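I have placed the structure first, in the form of structure tokens, so that the comments after it can refer back to it.
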2 protein chains.
Amino acid sequence: MRLLKEVLEKIKPSERERAIVNAVTREIVEIAEEEIEKKDATATPRLVGSIAKDTYLSGDHDVDLFLAFPLEVPLKELKKIGLELGRSIGERLGDYEVAYAEHPYVRALYKGFEVDIVPCYNVKSWKDVKTAVDRSLLHTEWVIKNINGRNDEVRLLKKFLKGINAYGSEVYVRGFSGYLTELLIIKYGSFMSLLENIEFLGKSKILDLEGWLKREPEIAYKTVERERESPLIVIDPVDPRRNVASALSWEKFGVFYFKAREFRESPRIEFFFPSKTKTGNYKALLRKKGTNLVTLLFPKPELVDDILLPQLERSAKGFEKSLRREGFEIFDLNWGYIEKAFIMLEVDRVERTKVLLKPGPEFLGERGLDFYAKNQKVWIRGKRLYSEKIVKESIVDVIEELLAKNQIALGKNLREPIKKVEILLNFVPPELEEEAYLFLSKEKWNIKD
Amino acid sequence: MRLLKEVLEKIKPSERERAIVNAVTREIVEIAEEEIEKKDATATPRLVGSIAKDTYLSGDHDVDLFLAFPLEVPLKELKKIGLELGRSIGERLGDYEVAYAEHPYVRALYKGFEVDIVPCYNVKSWKDVKTAVDRSLLHTEWVIKNINGRNDEVRLLKKFLKGINAYGSEVYVRGFSGYLTELLIIKYGSFMSLLENIEFLGKSKILDLEGWLKREPEIAYKTVERERESPLIVIDPVDPRRNVASALSWEKFGVFYFKAREFRESPRIEFFFPSKTKTGNYKALLRKKGTNLVTLLFPKPELVDDILLPQLERSAKGFEKSLRREGFEIFDLNWGYIEKAFIMLEVDRVERTKVLLKPGPEFLGERGLDFYAKNQKVWIRGKRLYSEKIVKESIVDVIEELLAKNQIALGKNLREPIKKVEILLNFVPPELEEEAYLFLSKEKWNIKD
């Protein structure tokens with residue numbers, strides 16, 4: 001397709017770029033080897049990630065340098081020596097800092113390339129895997145062995161996913177990881193072939209490229225069972241215990257599903273290179289829709305995204321549920337952080353009636369007598385008792401009361417910070433104005449407009 | 001109990017009143033006999049109802065005079081001769097008019113007594129019953145035979161039920177009929193004993209004074225099965241096919257249930273002689289509650305209550321359901337007629353947001369694609385699609401639109417008149433002001449305040 005060629009011209013690294021990348025990565029590996037020798041360590045430097053697999057996009061030069069230790073090295077020693085080694089390599093490369101994932105690693109900058117130096121075990125099989133990063137070695141090997149020249153197809157898919165905002169397995173994206181895009185291309189042969197098979201993929205839901213369901217049925221079926229709520233189950237070719245797509249959300253899979261169909265119908269370059277998201281005035285939008293925006297602002301606890309964002313999501317849903325019970329209609333939810341953490345609720349109104357209908361139990365029996373005894377005004381409709389209750393009118397009062405009475409399900413690390421919550425009605429501070437607009441206009445999630 | 005004696009003094013007909021009632025009814029029967037003889041008809045005059053059973057309240061002197069024809073007389077002839085006879089008796093008594101139930105009868109006024117002259121068959125058993133009124137003869141006989149001097153207990157119960165607004169089996173009351181009160185007293189022996197057994201009655205639910213469940217199990221169980229949604233099943237001692245309490249609503253049974261318990265706790269004369277229902281300003285009440293009143297006014301079709309009121313109820317519930325789907329919260333419903341028919345809805349608000357959330361199906365599959373194709377703005381939450389729709393804001397517009405699109409379940413005889421509906425917001429014409437107050441204050445149904 002003409003269009004895909006045009007896209008590739010923009011995203012495929014040129015020969016010149018490739019030469020630079022190759023030279024720089026070779027230098028990095030050499031520096032690593034020298035430092036290993038100098039320290040007399042047993043590690044082997046290994047390039048992994050998209051540069052190693054030759055599936056990187058032009059301009060995207062993150063180098064993943066793994067230091068692979070023999071399996072016999074105890075984990076404690078691996079961490080210690082790995083970090084020391086990382087530091088001395090980082091020192092040689094230039095600027096560096098220590099970062100933390102499952103264990104500490106070094107992040108350095110060298111000739112404009114970001115270099116992650118990560119200690120791991122030199123595993124040969126999934127049975128050897130001891131730390132989360134070990135598998136990367138196997139992934140890189142497997143992709144290199146199976147990609148069979150379809151590297152550019154991976155590039156097209158990656159760029160397409162970036163364009164529709166569904167690329168990345170981070171918790172704030174919950175989209176497609178690089179490895180997942182590679183597996184999808186290896187399975188379907190090409191970008192267009194994947195797009196043409198998207199309905200089938202959605203329905204069949206399970207990909208098993210190495211036949212683990214036959215080779216290791218017990219383990220592989222356990223994976224399928226555990227992941228049955230996921231939109232896709234891609235059994236990791238190098239490890240039957242893992243769903244490569246486990247971080248993928250239904251939302252991002254859905255975006256891909258519809259955009260793939262749309263692209264098939266009318267392929268346009270904008271899918272790959274979208275014009276910058278439109279922004280606008282959230283206050284005008286509120287007036288136009290007739291809805292209201294409640295924003296909860298509170299101090300952001302010191303937590304990594306993987307912990308914080310799911311807790312924010314859980315809390316936002318807690319507010320939704322409790323407020324719905326109180327008679328407010330919640331149209332949509334949003335959460336995140338900039339400096340402070342925030343939860344946004346789009347609601348139908350900010351004032352409710354002073355009196356709420358209070359449905360009771362059937363009147364015959366103990367529960368009926370109890371309700372009758374406990375309430376002021378009581379009447380019967382059908383077999384059931386009803387009463388009224390006088391309630392707070394403003395949603396701000398209602399939220400404060402719910403929080404004071406502990407009647408909202410919150411993420412556990414948010415219980416303290418939320419005590420300092422500010423509740424804003426139809427107003428957000430300047431730094432959240434764009435977020436508010438994207439939320440209310442649905443630009444943030446919209447798959448069609 | 002002192003209190004009950006006090007009540008009886010007020011409601012039991014005095015000797016003087018009894019003498020007058022007896023004399024007047026004797027005169028009426030004699031006049032009937034004369035007219036029958038004059039016309040050479042085969043009918044026998046029979047007194048039925050509370051005067052015949054001596055369970056009437058002081059001042060309540062409705063005379064039910066039945067003209068009982070032999071079973072051999074064809075129904076057509078019974079109706080014709082019955083009406084002729086009724087007219088000539090009515091003529092002798094004074095003012096009269098022809099009224100209609102299952103068949104025409106005569107309603108006359110004689111010395112201040114209202115006299116219903118009703119043709120029927122002279123049945124000896126339920127197997128003979130041909131018209132709905134025939135059973136009255138059997139009821140009267142059965143009560144006279146079984147009441148065993150507990151007539152005053154019936155009077156107490158009737159007055160109590162009147163006081164709490166639960167007496168009468170008419171469709172606009174749906175409470176306890178006179179016959180049902182007599183059976184309850186015959187079963188429980190006394191007014192207080194019934195009150196003490198009210199929980200047991202509510203739980204056991206079935207009364208079978210003549211043991212029909214054993215004597216005619218097939219027929220009696222069919223009655224129980226058919227009536228299983230009723231609050232009480234009292235198998236008619238004279239007819240196993242009938243539930244004497246079939247007209248009783250859960251609401252009125254519930255009122256009796258709670259008032260009985262309350263009376264046991266603290267007997268007060270007000271149960272029998274309530275102070276006139278308080279009335280007040282419905283507009284002030286609306287302001288106080290923060291709710292809104294929507295009144296639908298439309299021409300009353302020429303229908304008897306038995307047909308009209310259930311259709312009004314059904315339509316009111318139709319409005320409730322449709323408006324709830326449109327995002328309005330309906331607190332309570334009321335219906336009835338004065339000159340015009342009306343339906344009142346107490347709602348949370350009369351304006352809604354311009355945009356309504358429109359939940360769609362799961363996105364994988366035909367229904368998802370369809371929803372996606374048909375809607376403008378579409379996004380995904382979890383597995384489901386969502387969209388927004390722009391809607392009418394005013395409840396008046398919404399109701400008019402729903403009616404125009406035929407999206408409200410209405411009683412079939414109301415479909416035409418409702419085309420002329422007037423929709424009033426927080427305002428009713430003067431003749432409905434009291435009704436509006438009673439509705440909004442719950443005085444109309446309240447069992448506790």
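Keep in mind the model is a prediction, meaning the values are calculated, not measured. Just so we're on the same page: letters track the sequence lines, and every chain starts at 1.
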Within the 4.5 Å heavy-atom criterion, are A:Val378 and B:Phe258 side-chain neighbours or not? no

Close side-chain approach of A:Glu229 and B:Lys383, heavy atoms under 4.5 Å: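 With C-beta onward as the side chain, the pair touches.
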
Go through the atoms of [X] and report whether side chain, backbone, both or neither lie under 4.5 Å from a heavy atom of chain A.
X	result
B:Thr291	both
B:Ile330	backbone
B:Arg174	neither

Apply side chain to side chain contact (heavy atoms under 4.5 Å, CB included) to the pair A:Asp332 and B:Trp379, showing each step before the final yes or no. CA-CA 11 Å; A:Asp332 209 350; B:Trp379 66 96; 3.6 Å; yes

Under the side chain to side chain contact (heavy atoms under 4.5 Å, CB included) test, which residues partner A:Leu364, sequence neighbours left out? B:Trp250, B:Phe253, B:Tyr257

Among A:Asn292, A:Val355, A:Ile390, single out the residue with the greatest number of heavy-atom pairs under 4.5 Å to chain B.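 Max contact count across the listed options: A:Val355.
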
Contact winner vs chain B - A:Glu351, A:Glu346, A:Lys289, A:Glu329, heavy-atom pairs under 4.5 Å: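 Highest number of pairs under 4.5 Å: A:Lys289.
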
I'd like to verify something: which residue of [options] has the highest number of heavy-atom pairs under 4.5 Å with chain A?
options	answer
B:Leu357, B:Leu369, B:Leu356	B:Leu369
B:Glu388, B:Glu199, B:Arg352	B:Glu388
B:Lys203, B:Glu393, B:Arg349	B:Arg349

Under 6.0 Å from the [atom1] atom of [X], do we count more than 12 heavy atoms belonging to anything else shown?
X	atom1	answer
A:Arg324	CZ	yes
B:Lys317	NZ	no
B:Arg226	CZ	yes

Hey, is the main chain of A:Ser441 close enough, under 3.5 Å, to the side chain of B:Lys377 for a donor-acceptor pair?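 Yes; judged by distance alone, with no hydrogens or angles, the pair exists.
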
Taking every heavy atom of B:Ile380 against every heavy atom of A:Glu251, the minimum-distance pair comes out as O-CG, 3.4 Å

Who pairs with A:Phe176 by ring pair (Phe, Tyr, Trp, His ring centres under 6.0 Å), at least two apart in sequence or on another chain? A:Phe256

Segment of A:Arg261 engaging chain B (4.5 angstrom heavy-atom cut-off): side chain

